[in-house]
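These notes are about the structure you will find just below.
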Amino acid sequence: MNKLYTAYQICSVEGICHGLYVLWMLHHGLDALQVSLIISLGEGTLLFSELPTGWWADRFGLRRSLLIGSALQVLGLVAMWANYYVVSALAIALGDAFRHGADEALLYRSDPVNFQQNLARAQSLTLLAQIFLTLGGGLLATRCSYHLAWGLEVLLASVGLGLACKFPDFPMVAEQGSGRKFGAWLAVLPFTLLFALAAGGEFVVQASASTAEMAGLRVSGILGVEALGAALVARWRVPPGCLLLLVSAALVWRGPALGLIFLVAGMAPSLRSRMLQQVAGEDERARVQSAASTLDMLARMLILPLAGRLISK
């Protein structure tokens, strides 16, 4: 299950064009503010669809939700390639909503005891793969064509759809959450702020690049730092308090601030997911994860236009 989950994440991470989609829209006549608003439209769609799709996944099946999400992702990538940006933003956002929560809930049910390490290891490997995909995408777009990069991205996502068909739909077991929901949700808020800061920083890094190759190099550097953070969590049981200390250091020590934020952003997902899955009941695993993602989307919706306005000036 761990290998299947990791392979699926690598194929579905949209790595080839991860560093290109901002430049793709900028090169087709949109300015940075318009691009940020389109991205925010996708975030807004996620905001309103995360909870309904999480309920749908818990009610009708995690595997079915994963399949629908993967199919919508392929559709959204094709739409972006064809310059239908709004359609792309909506389809990819809905696809992410159906996939969010369902994939991690399936992984948790396969091995609850080692969930944090399994998830962190998969995230670390996915980020490392994304580095090579992003670098390759930047080189392809610069030295060959953007269309070749988009074609390979669509092909890889289609492979991801095929892998989604192989996921087993684990039945629910008679296990209840630990009852610490209120404390867990209070702990989610700092994670949400961290992810928003990381998203804003990545947007600035992408939009300020002069070429696709440079964008790919910059985003690959970010992914490398995040992969290091995920690897640390996969290797050791890192206390959540360590993340707070690192973020505080980033705010005080401004020189390497972005680097520390990206490092913590790589460490945070598996820690938060373990915290939420441990308090969730068996019939609400996808919903709990979707609710946390909803908070993330709201925070990113607020910060991305600010980042776009900063670049436009």
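In this structure, the side chains of Q9 and D103 come closer than 4.5 Å at one or more pairs of heavy atoms. Contact check for E104 versus Y108: no side-chain heavy atoms found under the 4.5 Å cut-off. Residues Y85 and Q34 fail the side-chain proximity criterion, which asks for heavy atoms closer than 4.5 Å. Counting heavy atoms from C-beta on, the side chains of S290 and W55 never come closer than 4.5 Å. Between Q289 and H100, every side-chain heavy-atom pair lies at or beyond the 4.5 Å cut-off. At a threshold of 4.5 Å between non-hydrogen side-chain atoms, the residues R64 and W56 count as touching.
Both Y21 and L30 are part of a single hydrophobic cluster, where members link through side-chain heavy atoms under 4.5 Å apart. Clustering ILVMFWY residues whenever any of their side-chain heavy atoms sit less than 4.5 angstrom apart, transitively, puts V74 in a cluster other than the one holding V13. Linking Ile, Leu, Val, Met, Phe, Trp and Tyr residues whenever their side-chain heavy atoms come within less than 4.5 Å leaves L67 and I92 in two separate clusters. I39 and W81 fall within the same hydrophobic cluster, where Ile, Leu, Val, Met, Phe, Trp and Tyr residues are linked whenever their side-chain heavy atoms come under 4.5 Å apart, directly or through other members. A continuous path of ILVMFWY side-chain contacts below 4.5 Å connects L127 to I131, so both sit in one hydrophobic cluster.
For the pair R63 (side chain) and C165 (backbone), a donor-acceptor distance under 3.5 Å is present. Side-chain N or O atoms of T6 include none that pairs as donor or acceptor with a backbone N or O of A122 at under 3.5 Å. Q73 places a side-chain N or O within donor-acceptor distance of the main-chain N or O of S12, the cut-off being under 3.5 Å. In this structure, T192 contributes its side chain and L295 its backbone to no donor-acceptor pair below 3.5 Å. The backbone N or O of L66 sits less than 3.5 Å from a side-chain atom of S70, completing a donor-acceptor pair. At distances below 3.5 Å, not a single donor-acceptor pair connects side-chain atoms of E50 with backbone N or O atoms of S293. The backbone N or O of M275 lies less than 3.5 Å from no partner atom in the side chain of Q278, so there is not a single donor-acceptor pair.
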**Message:** Applying side-chain contact (heavy atoms from CB on, under 4.5 Å) to I38 and M25, what does each step give before you reach the verdict?
**Reply:** CA-CA 10 Å; I38 289 174; M25 289 186 279; 4.1 Å; yes

**Residues R274, V233; criterion side-chain contact (heavy atoms from CB on, under 4.5 Å); working and verdict** = CA-CA 12 Å; R274 184 198 64 180; V233 176; over 6 Å; no

**Message:** Could you walk me through whether L23 and Y146 satisfy the side-chain contact (heavy atoms from CB on, under 4.5 Å) test, starting with their C-alpha distance in whole Å, then the side-chain angles of each, then the deciding distance to 0.1 Å, before giving a yes or no?
**Reply:** CA-CA 10 Å; L23 288 178; Y146 273 90; 3.9 Å; yes

**Request:** Show the numbers, then the answer: is there a side-chain contact (heavy atoms from CB on, under 4.5 Å) between N2 and L107?
**Result:** CA-CA 7 Å; N2 295 339; L107 183 65; 3.4 Å; yes

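Taking the six-membered ring for Trp and thresholds of 30 and 60 degrees, H147 and W24 have ring planes more than 60 degrees apart, a perpendicular arrangement.
Residues L156 and L133 share a closest heavy-atom pair of CD2-CD1, 4.0 Å. Minimum heavy-atom separation, C144 to L148: CB-CD2, 4.1 Å. Contact between F191 and A268 at its shortest, heavy atoms only, is CD2-CB, 3.5 Å. Nearest heavy-atom pair, V35 versus V22, reported as atom, atom and distance to 0.1 Å: CG1-CG1, 4.2 Å. In this structure, G95 and L72 approach most closely via the heavy-atom pair CA-CB, 3.7 Å. The shortest heavy-atom contact between R285 and Q277 is NH1-O, 2.7 Å.
Rounded to the nearest 0.5 Å, atoms CD (E14) and CE (M80) are 9.0 Å apart. Separation of atoms CG (L228) and CG (L223) is listed at 12.5 Å; rounding is to 0.5 Å. Rounded to the nearest 0.5 angstrom, L46 CG and L41 CG are separated by 10.5 Å.
In this structure, F60 places its CZ atom where more than 12 heavy-atom neighbours from other residues, nucleotides or ligands lie under 6.0 Å away. H28 NE2: more than 12 foreign heavy atoms inside a 6.0 Å radius.
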